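Remember, predicted model here, so these are calculated numbers, not experimental data. The figures that follow rest on heavy atoms only: side chains count, while hydrogens, waters and symmetry mates do not.
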Amino acid sequence: MSTALLGVGHHQLTDTHDMDFNVKKLASGAGLFFTRAVQYTEEKLGQAEKTELDAHFENLMSRADCTKTWTEKIYRQTEVLLQPNPSARIEEFLYEKLDRKAPSRITNAELLGQYMQDAAKEFGLGSPYGSTLMRVGECERRLGTTEREFLQTSAISFLTPLRNFLEGDWRTISKERRLLENLRLDLDACKARLKKAKVAEAKAAMAPDFQETRPRNYVLSASASALWSEEVEKAEHELRVAQTEFDRQAEVTRLLLEGISSTHVNHLRCLHEFVEAQAAYYKQCHIHMQELQKELARLPNAFALNSNPHMPTEGTEAEGISSPVETDALKIEEVQAPATGSRKAKVLYDYDAADSSELSLLADELITVYTVPGMDSDWLIGERGNQKGKVPVTYLELLS
């Protein structure tokens, strides 16, 4: 029983000792924090000297701050560009913090394409509107797939490196800079203590006047002088230690700040990759839209079917009456330019003729265009030199 009591007493003493140590450590830390706060305040008020860093070091810190500020702005705005929906961005952020893969989200273009295709099935694929909806819906879904690939590529090649800098390198730089600032405050405090000790030592070392001062005062003065000499030696030692620690931390911080140049090189490479991803994305979207325009140009024109009273029905076609479009296709060589009504047009996109009645086009070239009676309103007759054929209006910019 006595052994047990001794054991309990030993543990209690140990716990009490640990608690006292922690309290002393906490009090020491609080005292150091207060001393630094006072030193910092006196520097701001011009009441204390401050160790200035060299101009090169100051430039490095200014460049690092500028890099952090603009990297953060570019990162945030790129996030908005790639994902305009703030709720979706918050969801992706939470999944990332939970170290879980975010579920695949359908793009707006893919959703629109799905709606168009579902509507086409309801309206009937045999109708002009239904068949057009189906083709446009297929194109929108391809655009959505292309957009998804662009978002994934941009996130990996551009967003991730920027975030890694902000959450990794920059946090390390900030931590070391705070440590350097604390050591600078300690260094300046040591300089101030040494200065005060030397002033006090000088006053105590002044020889007393034996005629007016009693021997007892002389002994006290000599004793005070010795004490202040010890205080000066102690302050000088503390200053040397503080200076060594400050210099060592300044070198560590300098190396980290000089690494910002490597960060710029890395971000430059990532920026080129982002531009390449954007160029590939917009190029692919342009190709999809060109293909869609060609498909739509070959579909029956619903406006002509509804507005042209001479358009034959299936029964009249069976009786051998051909449509105006077919008539034009057969007699395109016989079409003559009108005396008035011809216009110049600039070609917006390349176009490959579907048959001998059409004229192939090259982007940015100029051609002469005009219309003929009974011709589909979506088409014009185009002439380039001695070449002539039908051209789609959507591929042209009429100039005059």
Side-chain angles (χ1 to χ4, degrees), residues 25-26 28-30 32-37 39-41 43-44 50-83 86-102 151-189 242-274 277:
K25 184 178 180 181
L26 179 62
S28 176
L32 182 61
F33 175 80
F34 179 76
T35 301
R36 288 171 175 169
Q39 177 76 15
Y40 185 80
T41 303
E43 289 177 356
K44 289 297 182 181
K50 177 181 177 182
T51 299
E52 298 292 345
L53 300 169
D54 62 81
H56 176 62
F57 200 101
E58 293 286 355
N59 289 335
L60 288 176
M61 289 200 297
S62 176
R63 188 169 182 237
D65 290 335
C66 184
T67 300
K68 183 262 181 182
T69 299
W70 286 109
T71 299
E72 196 169 42
K73 288 183 178 181
I74 292 171
Y75 174 78
R76 298 303 177 197
Q77 193 57 38
T78 305
E79 275 190 321
V80 174
L81 172 68
L82 300 181
Q83 179 49 268
S87 299
R89 292 201 303 272
I90 294 174
E91 181 182 349
E92 292 173 357
F93 174 79
L94 293 176
Y95 272 105
E96 181 181 346
K97 291 303 178 183
L98 295 174
D99 198 18
R100 294 175 57 186
K101 184 179 180 181
L151 296 179
Q152 293 174 348
T153 302
S154 299
I156 294 173
S157 63
F158 191 61
L159 274 183
T160 300
L162 297 185
R163 184 174 63 247
N164 289 343
F165 166 73
L166 294 171
E167 297 181 355
D169 295 349
W170 181 252
R171 287 185 179 180
T172 301
I173 292 174
S174 299
K175 176 183 176 182
E176 297 301 330
R177 284 177 63 177
R178 287 194 299 269
L179 181 56
L180 177 64
E181 179 66 10
N182 289 336
L183 291 177
R184 185 196 62 76
L185 291 172
D186 294 344
L187 175 63
D188 290 337
Q243 186 70 57
T244 301
E245 292 179 351
F246 174 78
D247 292 341
R248 184 186 302 114
Q249 184 60 34
E251 184 61 26
V252 171
T253 308
R254 183 192 301 274
L255 291 175
L256 289 173
L257 293 174
E258 288 175 348
I260 291 294
S261 297
S262 299
T263 299
H264 285 193
V265 173
N266 182 40
H267 288 181
L268 175 61
R269 177 181 57 81
C270 296
L271 184 60
H272 277 280
E273 293 180 1
F274 180 59

Q | Side-chain heavy atoms of Ile173 within contact of Ile260, under 4.5 Å | A | yes
Could you measure the distance from the [atom1] atom of [X] to the [atom2] atom of [Y]? Nearest 0.5 Å is fine.
X: Thr253; Y: Leu53; atom1: OG1; atom2: CG; answer: 9.0 Å
X: Leu187; Y: Leu180; atom1: CG; atom2: CG; answer: 10.0 Å
X: Asp188; Y: Glu52; atom1: CG; atom2: CD; answer: 9.0 Å
X: Leu159; Y: Gln83; atom1: CG; atom2: CD; answer: 11.5 Å
X: Asp186; Y: Thr51; atom1: CG; atom2: OG1; answer: 11.0 Å
X: Leu179; Y: Phe246; atom1: CG; atom2: CZ; answer: 11.0 Å

[X]: which residues meet the side chain to side chain donor-acceptor pair (under 3.5 Å) condition with it, sequence neighbours left out?
X: Asp247; value: Gln243
X: Glu176; value: Gln249
X: Ser261; value: Arg63
X: Glu58; value: none

(Q) Going by salt bridge (charged side-chain N to carboxylate O under 4.0 Å, His left out), name the residues that satisfy it together with Asp65, two or more places apart in sequence or in a different chain. (A) Arg177
Q | Any residue meeting salt bridge (charged side-chain N to carboxylate O under 4.0 Å, His left out) with Arg269, in chain and number order, not counting sequence neighbours | A | Glu273
Identify, with sequence neighbours excluded, every residue that meets side chain to side chain contact (heavy atoms under 4.5 Å, CB included) alongside [X].
X: Leu166; result: Lys68, Thr71, Glu72, Tyr75
X: Ser174; result: Trp170, Arg178
X: Ser154; result: Leu82, Phe150, Phe274, Ala277
X: Leu268; result: His272

Q.
Quick test of your reading: applying ring pair (Phe, Tyr, Trp, His ring centres under 6.0 Å), list the pairs with at least one residue in residues 248-269, sequence neighbours left out, ordered by first then second residue.
A. Phe165-His267
Q | Carboxylate-amine/guanidinium contact Glu79 Arg76, below 4.0 Å | A | yes
Q.
Donor-acceptor check, side chain of Ser157 to backbone of Cys270, threshold 3.5 angstrom: yes or no?
A. no
